[in-house]
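Below is one structure, written out as structure tokens; comments come after it.
The basis for the numbers below is simple: all heavy atoms, side chains too, and nothing from hydrogens, waters or symmetry mates. One-based numbering, in listed order, for ligands and for the atoms of each.
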Amino acid sequence: MARPKIALIGGGQIGGVLAQLCALRELGDVVLFDIVENMPQGKTLDIAEAAPVDGFDVSVTGTNDYKDIADSDVVIVTAGLPRKPGMSRDDLIGVNSKIMTSVAEGIRDNAPDAHVIIISNPLDAMVTLCQKVTGFPSNRVMGQAGVLDSARFQAFIAWELGVSVKDVNAMTLGGHGDTMVPLVRYASVNGIPVLELLEQKYGSAEKANEVMTAMVDRTKAAGGEVVKLLGNGSAFYSPASSAVAMAESILKDQKRVLPTCALLKGEFGIDGFYVGVPCVLGSGGVEKIIEFKLDATEQALMDNSVAAVKELVGSMGL
Ligand code: APR
């Protein structure tokens, strides 16, 4: 039986980590594509030569030719510029939409049956553009943002409470920008509300809310925090891990419930826009969007986030 095939479009910082993670987990054979000559070949040769040490039996190759992504089961896209300190993700829309158009054409023409996971920013707009250009059904075109935004929120909660990250459950919804919506009400440690644990720790509901608000604000600004510290480029380990979790759920039909940038068709009162919501990811891609009741505050935050996504997508004139 043939191994699954994963194509990675963009062989920069995230692309390199993606290739290594896919190989280490033996998710399938990996093809790394970039327009820069020799670089993807060099990066993948380096990774492949670690196979005897790490013990993975998949092939990892680099290319500058879209033909080599033929028959891919999953394509993960990171092609595009990352932001520099002081830039918002939205500032990348001009340059990255040109890149995304050419990438989507390459995928459409060479891997027409693939599931596509976009990481390039501004995320919600780039996913929308990719779906329009490929013409693929929306269950096969999705974006990675929510897994990472949620992971950041979970990490901050775990560090604050001194508990394992494995026992923290928390999720963010909405667009992948400053208006994202970390869901406070559902944040828990094995089902125990985080707000209750914070109140126990600090002795007052007021202080608990203050600490929670600080974690929410840090989550929203977490990408920028990394950009500022790096000084050159944006986060790459955590976005790669997050997209690999999504790819793995699809390739192994795990049906994990992961916050995913998916095309909404009336769910949460939103129609025709890509926004981050919890989805069941399996061999059918986005198999189900899980809708649940938001309270008035959460819905208002969601509406505000969707308004920002609409404005950004509208500026592309699709
Ligand atoms: N086709 C394919 N690859 C391209 C194209 C193109 N038309 N244009 C640029 N690239 C490649 C670059 O050559 C580079 O190797 O995309 C790669 C991007 O890598 P980095 O600059 O290292 O950026 P990275 O940190 O990986 O982030 C990529 O993901 O999180 C987002 O905001 C981030 O949009 C950025 C993207």
Side-chain angles (χ1 to χ4, degrees), residues 7-22 31-44 46-47 62-69 72 75-111 116-130 133-134 142-149 151-152 175-178 180 221-244 246-247 261 276 312 316:
L8 309 172
I9 313 295
Q13 296 278 66
I14 304 176
V17 180
L18 278 172
Q20 189 182 30
L21 286 177
C22 289
V31 175
L32 184 68
F33 172 97
D34 204 287
I35 47 167
V36 178
E37 281 184 19
N38 295 325
M39 182 271 283
Q41 291 85 343
K43 227 171 225 195
T44 50
D46 188 16
I47 292 169
T63 185
N64 307 113
D65 186 347
Y66 270 111
K67 288 200 181 68
D68 293 327
I69 73 165
S72 293
V75 177
I76 308 178
V77 181
T78 62
L81 298 194
R83 50 185 168 148
K84 296 194 165 58
M87 282 173 90
S88 82
R89 296 180 181 93
D90 297 359
D91 293 334
L92 299 166
I93 192 158
V95 59
N96 281 357
S97 51
K98 287 197 192 78
I99 293 173
M100 183 54 69
T101 300
S102 74
V103 168
E105 288 167 353
I107 298 169
R108 177 194 66 199
D109 297 344
N110 295 279
V116 185
I117 303 170
I118 308 293
I119 303 183
S120 313
N121 277 313
L123 195 269
D124 309 279
M126 292 303 103
V127 184
T128 308
L129 180 59
C130 182
V133 176
T134 56
M142 68 206 85
Q144 187 300 117
V147 176
L148 171 56
D149 295 330
R152 286 169 167 159
H176 184 49
D178 303 339
M180 73 177 73
E225 187 180 351
V226 174
V227 168
K228 199 168 165 201
L229 288 166
L230 290 177
N232 181 19
S234 51
F236 53 102
Y237 295 109
S238 55
S241 294
S242 303
V244 166
M246 294 171 72
C261 180
L312 187 67
M316 291 193 298

task = Can you pull out the closest protein heavy atom to atom 19 (O) of ligand 1? Residue, atom name and distance to 0.1 Å, please.
result = Gly12 CA, 3.2 Å

query = For atom 18 (C) of ligand 1, which of Gly80, Ser234, Ala79, Gly10 has the closest heavy atom?
reply = Gly80

key: For Ile99, the ligand 1 atoms whose distance to one of its heavy atoms is below 4.0 Å   = 5 (C), 6 (C), 7 (N), 8 (N)

key: Shortest protein contact, atom 28 (C) of ligand 1 (heavy atom only)   = Thr78 O, 2.9 Å

inquiry  = Tell me the nearest of Ile35, Leu81, Leu92, Ile118 to atom 34 (O) of ligand 1, using heavy-atom distances.
reply    = Leu81

inquiry  = A quick test of your reading: do over 12 heavy atoms of other residues, nucleotides or ligands sit less than 6.0 Å from CG of Asp65?
reply    = yes

request  = Assess whether side chain to side chain contact (heavy atoms under 4.5 Å, CB included) is satisfied between Leu8 and Thr78, documenting all intermediate values.
outcome  = CA-CA 8 Å; Leu8 309 172; Thr78 62; over 6 Å; no

query = Do any N or O atoms from the side chain of Glu105 and from the backbone of Asp109 form a donor-acceptor pair under 3.5 angstrom?
reply = no

ask   = Hey, does Arg83 have a side-chain heavy atom less than 4.5 Å from the side chain of Asn121?
value = no

key: Contact atoms of ligand 1, heavy-atom distance to Ile119 under 4.0 Å   = 29 (O), 30 (O), 31 (C)

request  = Determine yes or no for a side-chain-to-main-chain donor-acceptor pair under 3.5 angstrom, with Asn64 supplying the side chain and Asp34 the backbone.
outcome  = yes

message = Just so I know, are the side chains of Asp124 and Leu312 near enough to count as touching, which here means a heavy-atom distance under 4.5 Å?
response = no

query = Just by distance, do the side chain of Asn96 and the backbone of Leu81 share a donor-acceptor pair under 3.5 Å?
reply = yes

message = Within ligand 1, which atoms have a heavy atom of Ser102 less than 4.0 Å away?
response = 7 (N)

request  = Measure Ile14 to ligand 1 on non-hydrogen atoms and call it side chain, backbone, both or neither using the 4.0 Å cut-off.
outcome  = both

Protein residue, atom and distance nearest to atom 17 (C) of ligand 1, heavy-atom basis = Asp34 OD2, 3.7 Å

Atom 22 (O) of ligand 1: nearest protein contact (heavy atom, Å) = Gln13 N, 2.8 Å

request  = Record the part of Asn96 in heavy-atom contact with ligand 1 below 4.0 Å; permitted values are side chain, backbone, both and neither.
outcome  = side chain

request  = Indicate yes or no for a side-chain donor-acceptor contact from Gln41 to the backbone of Asn38 under 3.5 Å, with no hydrogens or angles considered.
outcome  = yes

task = Would you check if the side chain of Asp91 reaches a backbone N or O of Ser88 as a donor-acceptor pair within less than 3.5 Å?
result = yes

request  = Tell me which part of Pro82 gets within contact of ligand 1: side chain, backbone, both or neither, using heavy atoms under 4.0 Å.
outcome  = both

query = At a non-hydrogen distance cut-off of under 4.0 Å, which region of Arg89 contacts ligand 1 (side chain, backbone, both, or neither)?
reply = neither

